[in-house]
Amino acid sequence: MSDTRSSKGSETEQRLAYDFSEIEPKWQRFWEAEQVFKAPEKPKKDDKYYLLVMFAYPSGDIHMGHFRNYIYGDAIVRQKWMQGKEVLHPFGWDAFGLPAEQAAIKRGLHPAEWTMKNIGVSRDTLKKVGISFDWSREVTTCLPEYYRWSQWIFLKMYERGLAYRKDSLVNFCPTCNTVLANEQVEADGNCWRCGDRVVKKRLNQWFFKITEYADRLLQSLDELPGWPDRLKAMQRNWIGKSIGCEINFKLENSEIEIPVFTTRPDTIFGVTFMAIAPEAELLEKLDIPADRKEAVEQYIQKAIAKSEIERQAETDDKDGVFTGLYAINPFNGEKVQLWVADYVLASYGTGVVMAVPAHDQRDFVFAKKYGIPMKVVIKPEDGEAPNVAEMTEAYVEKGAMVNSGDFDGAVGQKAIEQVTDFAEQKGIGRRKVNFKLRDWLLSRQRYWGTPIPIIHCEKCGEVQVPYEQLPVELPMEGVDYIPKGRSPLADAEAWVNVACPKCGGPAKRDADTMDTFICSSWYMLRYVDNKNEQAPFDVEKANLWFPIDMYIGGITHATGHLIYFRFFTKFLHDLGMLEYDEPAERVFNHGMVMDSQGVTMSKSRGNVVSPIELIAERGVDVTRLAMYFAAPADREMPWTAEGLVGVERFLNKFYRLIEGAATAGGAIDIEKRFDSNSFSGEQKAVYIRLNQTIKKLTEDIENLQFNTAVAAIMEFLGNFDPAKIEDEEFSRIVTARVVQLIAPMAPHFAEEAWRMLGFEGSIFHSTWPAFDENAVQFDTVTVVVQINGKVRDQLEVDREISEEAIKELAFAREKVQKNIEGREVVKAIYVKGKLISLVVR
RNA sequence: GCGAACGUGGCGGAAUUGGUAUACGCGCUAGACUAAGGAUCUAGUGGUUGCAAAACCGUGAGGGUUCGAGUCCCUCCGUUCGCACCA
């Protein structure tokens, strides 16, 4: 055995039996030089495997969370290579956006400089940790060769009316000086980046009409069995489909119509007031009586000034103000008060609700507070109608209609249909589907993003930049990009002033940039053809590689990126550029890395563990194995350095085993077939255990159950002692097989071992071991004997023993006799190969 | 409030889906080898009782179904995550 107590200095005694600091870089260089992980241009459709990990935001160096994410994908693709698949495993950088810009400004650097520097550092690190990315496919979204095609897709959307501008009340972060998408406002109403309070502002902004795809985005979820249920549930919730009815009320003494959306048209006769959102545009059309005007205006101003957070905190306490106006219920001609109330959302439905306090809890609370009457119009099907005076909460269940004229007696869903039919016949309403999903606000008044390829001409209006003029490059010089509340590009005179592509007259470029989530909505397609200068990607190549077989990333993107990239995919499918209209067959959300106390790692808490330091100290493979082993891949992982100890010991043992097998000399014929009938007892046991382990590893890696995969190898080697086996060749083949099994998870170690055992070429071009289906079970099994549910004895029997024979054996046992003595056996159940259950009385 | 997931030794976690609970690893205890051990090897390690054989208890709590429940059903308790006035 070699002396391993060398080099590393006095502090860090080397723990491994081999010098990882020499071995690991050596194999990394080998993989790069031999292009071991280079994806083919055009794979064979049936043999391709596209594994995507979410690309990185280059905000510094990679951290433990990235590392965890990437080693999971890495193990899978390494196994796929060995299983003969043609693999695409690319990586890139989500390089535009606010965080980079802010970080750069803070350091007095240009965002491009800061970003490219971080990309360089992170790429180096990823190479040092030996992740098997095909670097020739690298994509960087802030480079013109990439964002040119983001602009191209934008224009395609624009041409189809899916990208449009409108005045809109938008989320605006005063600190970041920009508008935000709904998805970028945290649940508490604060900005996702700076955490400060978001306010509403009416601005002219660009939107993607993602709502046009709402139904398809929802429906396809049912056809994605490989997506986690939790994720699909979150998306369904976010899209939020409601089927209902739009009913037109009329303003009293006026031709103004007040449409409302309701999912409960069967409660129409119970409407006792209407409520309109403070921000609703309809409000501007109303002629508020003079004596109410001041009160109403004050209320509106107060409500709009309130942040989302305040309004959401008030779900129990609703307030509003009476407008002095009345609306007419088209079903019964009743006159009801029209209120302004901030519990009504301007952005959902029509911004007005018909309030039915007896049957809606919110309306109930509001009516109670302001003494507005209530009217019961629904009763339990087999019960009495609730008494208004005694109600402490709204009766929201469906039931039978009462006090509803000709509709009395109609029940549940049928009642809803009848009322809706009536409304449609009379032309006072119509069926309507509403979604919670809103159109995607995509423009940003910031510098560091993809310029929007639109030109505003005084004469021609909005004109698209001709395709041949793409990309509209983001100017690197001459822009003061420090945020001032309006687009920095608007002040870049040399850039913004252009000739109109249509009339040649004076015009200005649109000075907004695109939300970064646009860059990440189609990057998975650029990877298939990242150097294409004619199109975003080649259609044939995309169809060969798509769909993504496995997409790994955090759940944090559930209702953002993971919806957007589905939207883009469907759009490109509609353009005829993709056969598939869903991007990914399987999605896997890995858990987060926590510190040893179970607290999220963060710079501000100072509990961050650096993967770079860790691998420098203990080696990549040890760190990887410790992470695979520490917790199931989809769960939070509390990181402790103790976890490294076990895998270090294990790798040392394994290394010694390989040294032994290597010194035995001679070439190994790893495909040699054995006649298991000629095996000695111990040899046969090893053979069966090996086959069990191969089966386990084959399945566990495919299913991302790495913790049990590592355990299975440990268990196998714990029971494997070549000294007990006479057939030296057999032992060496077994050793080589186990090296193959661990290769996806400890790749450097495995390459080294592979070479030591006399093989040539990369182990990842060797063939993943097949298991012998006939040799995964032992001939004898342990059958336990339960008496009244308690285990009393166990028998070692032939696997195929008959039920009669084993019962006879069982009853003959002393321990069994002792326990059934003097009692009657009323039942005897035999579960093959597992147990006998006796019931005695 | 709604939705989802989870709760197993001192710790991280296993359990072929209803069939020997605690695999694998950490830690701990004892022993071996040593000048030495923070190296390595061997054995042990859920709890209680017992010299032992063995018995009883045991997967958040309580109940149920079953020959048999960590696993299925019901009622609670707790933790985590997501959504949150969507009419």
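Heavy atoms only: backbone and side chains are in, while hydrogens, waters and symmetry mates are out. Chain letters run A, B, ... following the sequence lines, proteins first and then strands; every chain starts at 1. Owing to the predicted nature of the structure, the values given are computational and were not obtained by experimental measurement.
As rounded to the nearest Å, rA14(B) and rC51(B) have C1' atoms that lie 35 Å from one another. Nucleotides rC26(B) and rG78(B) place their C1' atoms 27 Å apart, quoted to the nearest Å. rG44(B) and rG18(B) are spaced 33 Å apart, taking the C1' atom of each and rounding to whole Å.
As judged by a 4.0 angstrom heavy-atom cut-off over every strand, Lys653(A) is placed among residues touching the sugar-phosphate backbone only. Counting any heavy atom pair closer than 4.0 Å across all strands shown, Arg792(A) reaches sugar-phosphate atoms only and no base atom. Using a 4.0 Å heavy-atom cutoff across all strands shown, Lys241(A) reaches no nucleic acid atom at all.
Note on ring orientation: taking the six-membered ring where Trp is involved, the planes of His561(A) and His557(A) are perpendicular (angle over 60°, cut-offs 30° and 60°).
When both distances must be under 3.5 Å, the Watson-Crick or G-U wobble mate of rA54(B) is rU49(B). In a base pair of the Watson-Crick type (N1 to N3 plus N6-O4 or O6-N4) or a G-U wobble (N1-O2 and O6-N3), with each distance short of 3.5 Å, rA23(B) is matched with no nucleotide. With both pairing distances under 3.5 Å, rC41(B) is matched to rG31(B) as a Watson-Crick or G-U wobble pair. When both distances must be under 3.5 Å, the Watson-Crick or G-U wobble mate of rA14(B) does not exist. The partner of rC81(B), taking Watson-Crick or G-U wobble pairs whose two distances both stay under 3.5 Å, is rG3(B). rU75(B) and rA61(B) make up a base pair, with Watson-Crick or G-U wobble contacts both under 3.5 Å. Nucleotide rA87(B) has no partner under the Watson-Crick or G-U criteria, as no pair reaches both atom distances under 3.5 Å.
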What is the per-nucleotide protein-contact pattern of nucleotides 12-24 of chain B, from the 5' end, where B denotes a base atom under 4.0 Å from a protein heavy atom, S denotes such proximity for sugar-phosphate atoms only, and - denotes neither?
BSS----BB--BB

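Contact annotation: the side chain of Val785(A) never approaches that of Arg813(A) to less than 4.5 Å [non-hydrogen atoms, C-beta and beyond].
Residue pairs meeting the salt bridge (charged side-chain N to carboxylate O under 4.0 Å, His left out) criterion with at least one member in residues 637-652 of chain A, sequence neighbours excluded: Arg15(A)-Glu648(A), Arg618(A)-Glu648(A).
Atom-to-atom, CZ of Phe650(A) to P of rU40(B) comes out at 15 Å; the value is rounded to the nearest Å. Atom CG of Leu231(A) is separated from atom P of rA5(B) by 14 Å (rounded to the nearest Å). One can place NZ of Lys232(A) at 19 Å from C1' of rC83(B), the figure rounded to the nearest angstrom.
When distances are taken from the side chain of Asp342(A) to each of rC56(B), rC85(B), rC67(B), the shortest belongs to rC85(B).
Residues forming a side-chain hydrogen bond (donor to acceptor under 3.5 Å, both in side chains) with Tyr395(A) (at least two apart in sequence, or on another chain): none.
Ionic pairing of Glu393(A) and Lys368(A) is not present here: no N-O contact between side-chain nitrogen and carboxylate oxygen is shorter than 4.0 angstrom.
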